[in-house]
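Chain letters run A, B, ... following the sequence lines, proteins first, then strands; residues in each count from 1.
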2 protein chains.
Amino acid sequence: MEYNAKQLQIIEVAERLFSQKGFAGTSVRDIAQEADVNVSMISYYFGSKEKLIEALFQLRMTESSSRLETLVMASELSALQKFNVFIDSVIDRLMGNQCFHNIMLREQLSSERTPVITEYIRGLKLRNVELIRRMIREGQEAGDFKKDINVSLVTTTLYGTVNYALASQDFYKIINDLGHLSEEEFQTHLRGELSQHLKNLFKSTITNEHHIQN
Amino acid sequence: MEYNAKQLQIIEVAERLFSQKGFAGTSVRDIAQEADVNVSMISYYFGSKEKLIEALFQLRMTESSSRLETLVMASELSALQKFNVFIDSVIDRLMGNQCFHNIMLREQLSSERTPVITEYIRGLKLRNVELIRRMIREGQEAGDFKKDINVSLVTTTLYGTVNYALASQDFYKIINDLGHLSEEEFQTHLRGELSQHLKNLFKSTITNEHHIQN
DNA sequence: AACTAAATCAAACGATCGTTTGATTTTTAC
DNA sequence: GTAAAAATCAAACGATCGTTTGATTTAGTT
């Protein structure tokens, strides 16, 4: 499915409002007003509010990242280097699509989920955890990584840390006295800190004692 | 403020429904029906739906954990031991109040927040990060912990990991073939895995090279 | 220019929302 | 036992919800 400019405008406004106020907390009139279209256009183009968020998910999910998978795995980087590249890509992907990942996180918190969206999320998470599993196994076979690594929990810490950092970024800015930075400067700062923190965290956890070149 | 049995019943049902369907996604009629009271009782007792969730926050926030602070800090445990005790207490607190922490996490994702609730959350997070800061500083002064530790990000990883693990527990159960466990067995299993994972994660990250007794 | 299809609109639809009303029942206090 | 207070209820309130209608305008095709 491809969308015209007006449809994309509706989707993008909906994405921002769903992120800010939640799906149930956002009315189609809110969306229509901010997207500068008539209320009926939403049903006209998408069928329903429910179908609209499904269209959003379909759009955002399909445009993401099968490149990464082959790009990372096919390279001649060491296992740890691949893992570090992956960490940065996760940070970039989540920070570059904060609204959408906010919606996705909220969706995971709900127990009354749309089957379509639930399936999208499950598929994405399955791909992510499998990619990490392959990277870790590669590192283990090279003798660089420890043998007993809980892949699920490593994944959980990676995504959990980035997600929670983004959810708490206002608080983070305050207690670290970063109010003087512009929004862009702050995002860059946070990105760098997260990257360093996570790389350090996992390096000392999943690699063996004997030093390996970074 | 203290509540009678009926009021507590309403609060507890509201807590579960807000957790499952979100604040905006839950109607006062939903709550009234499941709590087996008349719709008007919610306004009668709490004033409004908004005041109801504020009452929930006030109730859950005041019943939590200033004991921990003095208990952990005043003991003769080593810095790492204190940190490990704190890790377990965080896991227990979040897993023991999943509904409420689900609501709290959702609230942090929203940009249109109730000032009262925002302030509750800010205060709680401030206390938590300060407690962790004191523990880390103590470990540093004893020479056990590294000098350059980003307290905010350590806190973020701790809470982010536990929160995300709970948000993804259905997925975790599936990909780890834990479907044969009862719900209680699974919770116990997850608690243990999380505890081991986080202790291991932080031990290798924040302690110095030379071994210190656990 | 004439016809067709797509887009846009104001208005209205019925349903549900949070809240209030006013009567009635139950509990409490003396 | 009786009066006051608290609790409970069905019903209704106005507002807003997502969606549909039907007329009108715009764009595309010949």
| task | Under 4.0 Å between any heavy atoms, over every strand shown, what does A:Tyr45 touch: base, sugar-phosphate, or nothing? Just pick one. | result | sugar-phosphate
| task | When you get a sec, tell me which of D:dT19, D:dA7, C:dT19 is the closest nucleotide to the side chain of B:Val39? | result | C:dT19
| query | Just to confirm, is there a sub-4.0 Å distance from OP1 or OP2 of D:dA7 to any side-chain nitrogen or oxygen of B:Tyr44? | reply | yes
| request: Counting heavy atoms from C-beta on, name the nucleotide in C:dT19, D:dG18, D:dT8 closest to the side chain of B:Met41. | output: D:dT8
| query | Hey, is the main chain of A:Leu59 close enough, under 3.5 Å, to the side chain of A:Thr62 for a donor-acceptor pair? | reply | yes
| query | Got a salt bridge between A:Glu107 and A:Arg113, using NZ or NE/NH1/NH2 to carboxylate O under 4.0 Å? | reply | no
| field | Given B:Thr157, B:Thr156, B:Thr205, the one that forms side chain to side chain donor-acceptor pair (under 3.5 Å) with A:His197 | value | B:Thr157
| query | Phosphate oxygens OP1/OP2 of C:dA10: is one of them under 4.0 Å from a side-chain N or O of A:Asn38? | reply | yes
| With no hydrogens and no angle check, is any side-chain donor or acceptor of A:Lys21 less than 3.5 Å from a backbone partner on B:Glu112? | no
| message | I need the CD1-P distance between B:Ile10 and C:dT19, as an integer number of Å. | response | 13 Å
| request: Using whole Å, report how far CD of A:Gln7 lies from C1' of C:dA6. | output: 12 Å
| query | For C:dC17, does OP1 or OP2 lie under 4.0 Å from any side-chain N or O of B:Lys49? | reply | no
| said: Both B:Glu50 and A:Arg29 contact DNA chain C. Taking the nearest nucleotide for each, which residue is further toward the 5' end? | reply: A:Arg29
| message | So, does A:Lys6 get its side chain near the phosphate of C:dA6, meaning an N or O under 4.0 Å from OP1 or OP2? | response | no
| task | Calculate the interatomic distance between A:Asp30 atom CG and D:dT16 atom P; express it in whole Å. | result | 11 Å
| field | Length of the CD-C1' vector between A:Glu54 and D:dG18, whole Å | value | 15 Å
| Nucleotide C:dC17, atom P - distance to CD1 of B:Ile31 in whole Å | 11 Å
| request: Please state how far atom CD1 in A:Ile42 lies from atom C1' in C:dA10, giving the value in whole angstrom units. | output: 16 Å
| request: Please report, rounded to the nearest Å, how far the C1' atom of D:dA6 is from the CG atom of B:Asn4. | output: 10 Å
| Any side-chain N or O of B:Ser27 less than 4.0 Å from the OP1 or OP2 oxygen of C:dC17? | yes
| message | So, does A:Ser43 get its side chain near the phosphate of D:dG18, meaning an N or O under 4.0 Å from OP1 or OP2? | response | no
| request: Please confirm whether B:Tyr164 and A:Tyr164 have ring centers closer than 6.0 angstrom. | output: no
| said: Taking the minimum atom-to-atom distance to the side chain of B:Ser40, which one of D:dC9, C:dA7, D:dT19 wins? | reply: D:dC9
| task | Remember a base hit wins even if backbone is also touched, and classify A:Ser48 as base, sugar-phosphate or nothing at under 4.0 Å, heavy atoms. | result | sugar-phosphate
| field | Euclidean distance, atom CD of residue B:Gln9 to atom C1' of D:dT8 [Å, nearest integer] | value | 14 Å
